[in-house]
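What follows is a set of notes on a single structure, which appears directly below.
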Amino acid sequence: MALNIIILAAGKGTRMRSSTAKVLHKVAGQSLIEHVINSAYALRPDHVLVVHGSESNQIKKQCSNYPVDWVLQTEQGGTGHAVQQALPYINAADDSHVLILYADVPLLQIDTLEALRLQLNSADLALLSMHLDEPKGYGRIVRSSDNAVEGIVEEGDANEIIKQIKEVNSGIMAARLATLRECLRLINNDNAQSEYYLTDCVAAAKQLNKTVIAQSCQADEAQGVNSRAQLAAAELIYQQRRRLSLLDSGVSMTDPATVYIEGQVYIEADVSIGPCVELIGPLTIATGTRISSHSVISNSAIAKNTSIHSFCHIEDAKIGEGCELGPYARIRPQTKLSAGVKIGNFVETKKSEIGKGSKVNHLSYIGDAKIGEQTNVGAGTICCNYDGANKHQTIIGDNVFIGSDTQLVAPVEIEDGATVAAGSTITKKVPTQSLALSRAKQTIISNWQRPKKRS
Ligand code: UD1
Ligand code: CA
């Protein structure tokens, strides 16, 4: 049976108080509407349509990678009106399935949506409901004495008795195309908001003697996002889900509530994560690695048994097996560390490769450099890679020893086994096995009198 999915995204989102369209606000670094579009495509639909408003160029641009069809709703006449705009663009059999998703309901699980669709085997219209202790703001599901769904009453139209109902509408609905068409023909805008409510399709279906089923789901799945507080609540639910799935797969976390995860993050079993860590995909972390508190790691691959001490910042990097980083290391894009590399405190690396077992332990800048194996870079070494116009490379061989407080003025090369004395400014090639030393000779002035403070 063909599946058509309509995603409603034309609402104004005034309750967000934002110049950004509501559905472009983000949960875990991804816009609400993209969460919903991804869920839609996970159902392998035949056709996805997004209903958007006239000011939604931002939304179209953000979602330009998806092959959805865009349907303009020039005036926001309500959710029912929005679906009416989309129906003429659905070229499918009368009995094909239509699933309606709201772009501001981003956390639905695929299994839940599959199950809702399966309800159409026995029902004409299936909606997803949930039970909330605080149902305020949601449409309430009204049932008859024999527990059949009778209709949905919106908050603004509800009396005090109906407001007590804790079973609410998630907004998600599945129906056959013909049923939806018929129901939408029956609804009007005679209500508190003078809008055509999609939710009135339920009463319309009853009127047409159709069977309506409400399938309930976990409250945390179907939370809508209308305000900043609800956006924060959705983020919390999403994060909780990701953390639990990592914990289940064998990752340990000292304080899971403070670990934040975005995008595609694959972590093997027996990785341990300290408090206040941010992990932003695409990211892979292999077994035995430890990440201590307050580290932020994005778009990187970290091999096994590496220790990342507190306050490290790692971005677009490849970190080899058994490395030791930080505390306070800043590993910038295009850094590649081989196995057993040590990067200590207040060291910044960028676009650099560091060979097996080499160490840069203190206060250094390694930019546009290639360092061999078993080399030691002393404290305060700076790759002077930028001449004010262009960047240049520093090449350092294997088994090199660079004394502290050295400036390597690129382009420059230091060959295998060379030694650079502390405090040197290196501007020319240092040949293999040689010592380079560029500092001025020390002068001693005996009995030096320090200046005295003026009275
Ligand atoms: C809606 C439901 C309510 C449900 C709640 C769940 C209706 C009438 N009410 O209320 O029963 O409990 O969602 O979250 O459906 N939109 C359009 N065009 C419009 C109006 C809205 O595309 O003219 C889109 C919005 O962008 C949004 C979605 O439809 O993505 C829902 O609209 P919203 O105004 O947020 O409805 P709620 O008041 O939350
Ligand atoms: Ca909403």
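Order of appearance sets the numbers: ligands from 1, and atoms from 1 within every ligand.
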Closest protein heavy atom (residue, atom, distance) for atom 39 (O) of ligand 1: Asn226 OD1, 3.5 Å
Atoms in ligand 1 flagged as close to Gln73, the criterion being non-hydrogen separation under 4.0 Å: 17 (C), 18 (N), 19 (C), 22 (O), 23 (O)
N/O separation below 3.5 Å, Ala10 to ligand 1: yes
Ligand 1 atoms in contact with Gly139 (distance to a heavy atom under 4.0 Å): 3 (C), 4 (C), 11 (O), 12 (O)
Quiz item: cation-pi between Arg243 and Tyr260, 6.0 Å / 45°: yes
Where ligand 1 meets Gly78 - atom numbers and elements under 4.0 angstrom, heavy-atom basis: 18 (N), 19 (C), 20 (C), 23 (O)
Atom pair CD/CG of Gln240 and Leu107 - distance to nearest 0.5 Å: 12.5 Å
Under 3.5 Å side-chain donor-acceptor pair for Ser31 and Glu34: yes
With sequence neighbours excluded, residues passing side chain to side chain contact (heavy atoms under 4.5 Å, CB included) with Val412: Thr394, Leu408, Ile426
Close approach of Glu154 to ligand 1, heavy atoms, under 4.0 angstrom: yes
Any Val168 heavy atom less than 4.0 Å to ligand 1: no
Polar proximity ligand 1 side, Gly11 side, N/O cut 3.5 Å exclusive: yes
Nearest neighbour in protein (non-hydrogen) for atom 24 (C) of ligand 1: Leu8 CB, 3.7 Å
Close approach of Gln85 to ligand 1, heavy atoms, under 4.0 angstrom: no
Numbered atoms and elements of ligand 1 in range of Ala82, under 4.0 angstrom, heavy atoms: 17 (C), 18 (N), 22 (O)
Test salt bridge (charged side-chain N to carboxylate O under 4.0 Å, His left out) applied to Glu167 and Arg143, step by step: CA-CA 10 Å; Glu167 187 185 7; Arg143 289 177 183 269; 2.7 Å; yes
Contact (N/O only, under 3.5 Å) between Val105 and ligand 1: no
Atom indices of ligand 1 within 4.0 angstrom of Lys22 heavy atoms, with elements: 35 (O)
Verdict with supporting geometry, Lys22 and Asp104, salt bridge (charged side-chain N to carboxylate O under 4.0 Å, His left out): CA-CA 8 Å; Lys22 171 169 78 174; Asp104 67 348; 2.8 Å; yes
Side chain, backbone, both or neither: Val23 near ligand 1, heavy atoms under 4.0 Å: neither
Close N or O approach (Asn169, ligand 1; < 3.5 Å): yes
Carboxylate-amine/guanidinium contact Arg176 Asp94, below 4.0 Å: no
Ring center gap for Tyr328 and His313 short of 6.0 angstrom: no
Environment of the Ca ion (ligand 2) in terms of protein N/O/S atoms, cut-off under 3.0 Å: Asp104 OD2, Asn226 OD1
Nearest neighbour in protein (non-hydrogen) for atom 7 (C) of ligand 1: Thr79 OG1, 3.4 Å
Partner of Asn226 under side-chain hydrogen bond (donor to acceptor under 3.5 Å, both in side chains), chosen from Gln223, Gln230, Arg228: Gln230
Side chain to side chain contact (heavy atoms under 4.5 Å, CB included) involving Glu154 - partner list, sequence neighbours excluded: Ile152, Asp157, Tyr197, Thr199
Interfacing atoms of ligand 1 (cut-off 4.0 Å, heavy-atom, Thr199): 7 (C), 8 (C), 9 (N), 11 (O), 15 (O)
Side chain to side chain contact (heavy atoms under 4.5 Å, CB included) involving Leu87 - partner list, sequence neighbours excluded: Ile6, Val83, Ile90, Leu177, Leu180, Arg181, Leu184
Pair Ser129, Asn169: side-chain N/O donor-acceptor within cut-off below 3.5 Å: no
Ion pair check, Glu182 and Arg185, cut-off under 4.0 Å: no
Audit row: Arg140, Glu155, salt bridge (charged side-chain N to carboxylate O under 4.0 Å, His left out) steps and yes/no: CA-CA 7 Å; Arg140 310 298 203 279; Glu155 173 87 22; 2.8 Å; yes
Arg15, portion touching ligand 1 at heavy-atom distance under 4.0 Å: side chain
Atoms in ligand 1 with a heavy atom of Ser170 nearer than 4.0 Å: 6 (C), 14 (O)
Close side-chain approach of Val51 to Tyr89, heavy-atom, < 4.5 Å: no
Polar contact flag for Tyr102 and ligand 1 (N/O pairs, less than 3.5 Å): yes
Element-labelled atoms of ligand 1 that are located less than 4.0 Å from some non-hydrogen atom of Ala103: 30 (O)
Verdict with supporting geometry, Thr381 and Tyr365, side-chain contact (heavy atoms from CB on, under 4.5 Å): CA-CA 6 Å; Thr381 297; Tyr365 174 58; over 6 Å; no
Worked verdict on Asp133 versus Lys166 for salt bridge (charged side-chain N to carboxylate O under 4.0 Å, His left out): CA-CA 6 Å; Asp133 287 336; Lys166 296 198 156 137; 5.1 Å; no
Heavy atom of protein inside 4.0 Å of atom 36 (O) of ligand 1, strictly below: no
